[in-house]
Structure formats: C-alpha cells, structure tokens
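One structure is given here, and the rest of the page talks about it.
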Protein chains: 4
Amino acid sequence: MRAKSVTEQARRAQIVGAAVEVLAEVGYAAMSFKLIAARAGLSSTGLISYHFRSRQELVDEVSADVLRRFAEFVLGFLDRSDTATGELRAFLRANLRFMRDHRTLMVALTQVRPHASGPGPEDDLRGMADLLRAGQAAGEFRAFDADTVAIFVLALRNGVLARSAEDPGLDLDLCERELWTVVELAVVG
Amino acid sequence: MRAKSVTEQARRAQIVGAAVEVLAEVGYAAMSFKLIAARAGLSSTGLISYHFRSRQELVDEVSADVLRRFAEFVLGFLDRSDTATGELRAFLRANLRFMRDHRTLMVALTQVRPHASGPGPEDDLRGMADLLRAGQAAGEFRAFDADTVAIFVLALRNGVLARSAEDPGLDLDLCERELWTVVELAVVG
Amino acid sequence: MRAKSVTEQARRAQIVGAAVEVLAEVGYAAMSFKLIAARAGLSSTGLISYHFRSRQELVDEVSADVLRRFAEFVLGFLDRSDTATGELRAFLRANLRFMRDHRTLMVALTQVRPHASGPGPEDDLRGMADLLRAGQAAGEFRAFDADTVAIFVLALRNGVLARSAEDPGLDLDLCERELWTVVELAVVG
Amino acid sequence: MRAKSVTEQARRAQIVGAAVEVLAEVGYAAMSFKLIAARAGLSSTGLISYHFRSRQELVDEVSADVLRRFAEFVLGFLDRSDTATGELRAFLRANLRFMRDHRTLMVALTQVRPHASGPGPEDDLRGMADLLRAGQAAGEFRAFDADTVAIFVLALRNGVLARSAEDPGLDLDLCERELWTVVELAVVG
DNA sequence: GATGAATGAGCTTTCATTCAT
DNA sequence: CATGAATGAAAGCTCATTCAT
C-alpha cells in the first residue's frame, strides 16, 4: 500500500466526515455520493470516487474511522479500573457517554456497520465474553454461559443506543444508572 | 377501501412472500422490484406496481403482514398465563420461538420495519412499560423506572434476534433459558 | 364492417363521452385509458381496448363524434339564410354558441383533432374558401384571395375558441358582436 | 442561481436544439428523452437529466429559448416605426417572416408553449391590447373593444402560423399582404 | 489533485394491450 | 360482453463510476 499524502488524508477525512453526517441524517439506504458531496462542499461526486476505489471502500472507511474513535474514547474510561466489574461498568458508561457526546458518529456507525467489512459483532462478542469469563474466574460474577450473556450485555448496549438514536430526548444519565443496576443484578447475581 | 378479489389477495401475498425472502437475503438497501419479481417468478416488475400503488405501499404491507403473523404467534403463548411475570416470560419465549420457527420472516422484519409506517418501536415500548408497571403494582417486580427497563427488555429481545440472524447456529433454547434467568434477576430483583 | 349491437354502441358512446371529459380536463398529452376508465366508471382499461382496436381508433372516434355533433349544431344555424354573408355570419355565430353551450366538447375537439385522422383543417378551409368565393361571385364580398382569407376567417374562429378555452370568463356574446364587425369590415370591404 | 460553464451552456443549447427538432417533428405528446438523445447524438438519456433537473425544466427552457429568439427577431422589425399602425404592421410582418426563416423553431414553440411555464397567451394579449389602445388614443384606429380585438389580431397571427406549419407550401408573402389588408380594414375602419 | 461532464446500468412507475375466465 | 390480471415496452430519473482537461 502506498503512503498517502497529507492532502489526500485531509480530503479523505473530509469526505468521511460528510458521509457520517449524511448517514446519521438519512440512513444507509438513502445515502448517496451526491448527498455526501453536497454536504462536504465538493463540486463533484467524481472526487469521492477519486479518493475511494468504490462505494464499499468509503463505507468501510467510515465504519473503521468511527470505530477507531469510539475505541479511543472507550479506552479513556477503561484504563482506570482493574476488576472485571469495574471494566464492565466503564465499558457501558463509555458507550453511553459516547452517544451523548458524539451522537452523529454513533448513529452513523449503527447505520453503516452492517454493510461494512472489518470487525463485526462477533468480534465485539468475543471480547465481551472474555471479560465476563475473567470476572467469573475472579469470582466477581455468578455462573452463566459467558458467550450467551455477552450477547445480552451488548444487546443492552445496542438497544439503549438505538433508542437514543430514535428519541434524542432520552435521558442517557438515567439510562446509565438503571442499566448498571440491571447488569449488576444479572451478572453478579 | 375496495374489497380485494381472491386472486388479487393471492398475488399480493405471493409478492409479499417474495419480498420477505429478498429482504432476508440481501437487506433493505439492496431490495428491488427486479429481485422480488425474479424470486416470485413474475414476468415483470410491472406486475408488482399493478398490485401495489408504490414501493412504499409494498414495504408497509410486508411490515404489517409479518407483524400480524408475529402478533398472532405471540398471542398463542401469552393467553396461558395471568401474572405479569408469566406474561413477560411468555413474551420472551414467544419471540425466540418465532425466530427459531420463522427465521426468514423475523429477519425480513428487522430489515423492513425501520422504513415502514405503522407501529414503531415506541409502541412496543409503551406496551412493555405497561406490563412492567403492572408487575410492579402487583408486587411481582422490584422498583425501577419502567420506561427505561422496558427499553432494556426489548433491547435484550432485539439483540438476541439480531445475533441469531447473524449466526444461524445460535442455540436459541439455551438463549431462552439464560435470558429468563437474567431478566428474572434484573426485574424481580 | 360488422354491424354493431346496441350494447356495443352504447358502451362506445359511454367511453367516448368519458374520453371527451378527460381530454377537456387534462389535455391530449396526459390522456390515458386509466383516466378514461375511471371517469366512465369502468372497472378495467381492458374494456376500452375491447371496444376500440387501438388508442388511435378511440382518438379518431372521439374526434369524429364531436365533429358530427358540431356539424349538426352548425347546420341548425345555417339553414335559415341564403346569402353568403348570412351563411358566414351564421357559421361564426354557431361556432361561438357551440363553445358557449358545449364547452367540454369543443375543448376536447381542439385537443384531439391534431392527432386524429379524418377531415383536417384543409377540409374546413376548402369549405370556407368556397363560401367566400360564392360571396364574391354574388357581389357580396370584395376582391381578395379566397384561400388566404379563408385561413383568416377560420383563424379568427379558432383563436376565439382557444381564448375562451383558456379563459372561461370570456364574454362570448361580446366576442360575437365584435367578431362580426371585424369580419364584415374585412370581407365585405 | 449558479453560473453555468461554457461547456454546460453548449450542451444545454445542443439538447434544446435537438428538443426543438423533435418537437417540430413528432409533437409534444410524442416527445421523449430517448428521441432527443438520439437526435442530439448523445449516448444516453441520463445526460439530459444531468443537464436538466427534470423534463419540465427542459420544456420550460425550450419555450423560453425560442421565445427569446423570437422576441429578438420581432424587435428587429419594430424599432423602425413609431406609429401604432406601423408597429402593428411590423409585428405581423415579423411573425410571418420568423415562420418563413425559422419554421422549426416556430412549430416547436406552438407545440411546447401550452405545456411550459413562463409568459402565456394572456401576456401576449395584454401587450397587443395596449398597442391597440395606443392606436385608438392617437386617432389611428377606430373605436372597438381593444381586449377583444387583441384576441382577433393574435388569432390571425396564430392561425396563419398554424396553417403554415401544416402546409409548408403556403405562400407567406401573399399571406402577409392579404393579412395586412384585412387587419387595416378591420382595425383602422 | 480537482473538476465537471459523460456514461450506462439501474431504479420505480405508467402505459396500451392481451388474455383466460 | 365484461372483468381484472398479466405483459413487456417505455418512460423519466438517479446512481456510482470514468475520463479528459
């Protein structure tokens, strides 16, 4: 792979940013190069094709980019704790805070991820199941099937984010408190 | 609204059925009349337009049709119990069984519902919150914010269905058992 | 050509009538079997195709039918006079009265005639030129090129009808008086 | 409104030109992007949509373009005279000459104008009525209802043009002479 | 690198017509 | 005779992509 010039990188970022906004606004199915170009202030959709080999490459990059930012954000919450319980709590909190602070990114991610290559839900699940198993090994969590409960934890996360996307008025701080209560009850036992 | 002839009804059903299969296979964004016509063995897309005023009408009908079948299915589980706990358990069980027995319908529904008119997630939430409040009033459930926990319960349902859609090998019976354990812990307290 | 049954004739008339209304309302370019069927209260456009070999045949029949009615109407005015001047005046009066009393027919005719076979403007012109020549031979009209002035007379007729079609509020009685003044000045000299 | 590039302008003009030819040849109802693209030597109808937002925009532009050319042409005749009589005569002469020299444009205009936005017949009538009133005020014309006679004058113009469109062999120079005789008789009195 | 014009396949929808019942 | 379902061509329009400048 070639090294990318600074200008090139800047343009790609600009286009990805515009795509994020479009995705959050009209959804994946209605996203088009025309809308993205307009949103980015570009004079031609040709420029998008110039910087991205194909629509799919753009979709992948949008997904990867938002995912990277999200991961960084979550990491900022995680590295303060060392128990599995603390890590789980930090993860959930980070997710809801990201939604609160970067709603557009989050909504765009939910729209684009099903159509992007790159890490999928299985990868999320693997990580979560590992965390849960670690908690069980440390005696913090009750006995349960970690793979299955991992599905549940991520389902709760996704569901709250989806609801918040539908209803911008949702009180995410209340959600965070109630969510932790529920997860603690369910996982710690 | 005019009465629809038998043939008309049959064709519409056939088209809706083909649309369901296409939706489950390629997703909403890639759905097209061409694919549906091919799947249904129709000679042209014109026939779809003949039976449905517009693409949106087809989308709405697909959503309504699957939703109706799903509601019937769920009802078959519900009317055996009378406590809120029993009803909640039956609801969750019914959902997972529907996925197990009618996977294509369920997957199609997740694809189409965000783009259909008709009842939306808010309506689901309202019903669930009412059930939870009834359980609280009956002393079956612990104290929590019913609207928020309704989000959680439906999130769990949706998440399991989504996971099952991604991974057809998922053991839904195991999920059902673990899910009820988790929900009981979380809701009954 | 086969004899047409009574029912057949009635249906054709009904369809022609509906076509006239549609033509007057939306114009030739926007006319369609669907609109005509709806207007006639028919359940299918197939019925139109059943009674008319083709769209063109319907168009021709509409034109011929209205033209026939128009001719009858005009005749009712003509047969009272015997001079060319009287006949010319009666002709013009009849035209404007027909527009006043049967506006829909007249408007439909202007829409359909350019697309119908059957007698065309040349035939109208021939008749008018003959009348003018007769008037010249009788010493009623001044010397002019009859073929050319025939164009003018029919142009005046057509223009007034077209204007009246555009502006239903046009005072056709005033038009009739002014028109005759003008024609008399121009033709008698 | 954005400034249009030279190439853009040229293509639009080319498409408008092709549309004019198609209109003159097959009429408004049978006009289609396919015919226009073929006539213009374009590879696809998509290019027409690329340069014109919609069919209606093309229709409007064709009408406006021909109208503009026509107005310029007429102006070249008008500015030599100062009496109402002279202006009227120049107007009529200009119309017939335009038909003689730019028959395709003229025929296209008659086809497209009823379906275009932009100035309509009422606007033509207003101008003509004003001219007639000016002539009356100057004592050049006899007493008549200017609004009505304006209809007549334009009717004569339209009728001759229509006839010429139908019969390309029509002697427009003869028409011009006879027309002026008739108009003079009718208007001057 | 950027532009905007061009491409051609694709979309949904409408059309007149045909056909089995 | 009438119905309404079916047909396939054609419509206007949008799409991602390509290309010359």
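So that the names make sense, note that chain A is the first sequence line, chain B the second, and so on, each numbered from 1.
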- prompt: Do D:D60 side-chain atoms and D:S117 backbone N/O form a donor-acceptor pair below 3.5 Å?
  reply: yes
query: Got a donor-acceptor contact below 3.5 angstrom from the D:R11 side chain to the D:H51 backbone?
result: no
Expressed as a whole number of angstroms, how long is the span from [X]:[atom1] to [N]:[atom2]?
X	N	atom1	atom2	value
C:I48	F:dA2	CD1	P	12 Å
D:L35	F:dA11	CG	P	7 Å
B:E57	E:dT12	CD	P	15 Å

query: Using purine N1 to pyrimidine N3 plus N6-O4 or O6-N4 for Watson-Crick, or N1-O2 and O6-N3 for G-U wobble, each under 3.5 Å, what pairs with F:dC19?
result: E:dG4
message: With a 3.5 Å limit on both atom pairs, tell me what E:dT12 is paired to, counting Watson-Crick and G-U wobble, or say none.
response: F:dA11
message: For the CD1 atom of B:I36 and the CZ atom of B:F52, what is their distance to the nearest 0.5 Å?
response: 9.0 Å
message: For a quick test of reading the model: is some side-chain N or O of B:H51 closer than 4.0 Å to OP1 or OP2 of F:dA6?
response: yes
Phosphate contact (E:dG4 OP1 or OP2) by A:S43 side-chain N/O below 4.0 Å: yes
Would you say [X] and [Y] make side-chain contact, with heavy atoms under 4.5 Å?
X	Y	result
C:V107	C:L23	no
B:R12	B:L58	no
A:P119	A:L67	yes
D:T104	D:E25	no

message: Output one letter per nucleotide in nucleotides 14-21 of chain F: B when a protein non-hydrogen atom lies under 4.0 Å from the base, S when only the sugar-phosphate is that close, - when neither is.
response: BSSBB---
Lys/Arg N to Asp/Glu carboxylate O, D:E61 vs D:R53, below 4.0 Å: no
field: Nucleic acid contacts - residues 7-15 of chain D versus DNA chain E, non-hydrogen atoms under 4.0 Å
entry: D:T7, D:E8, D:R11
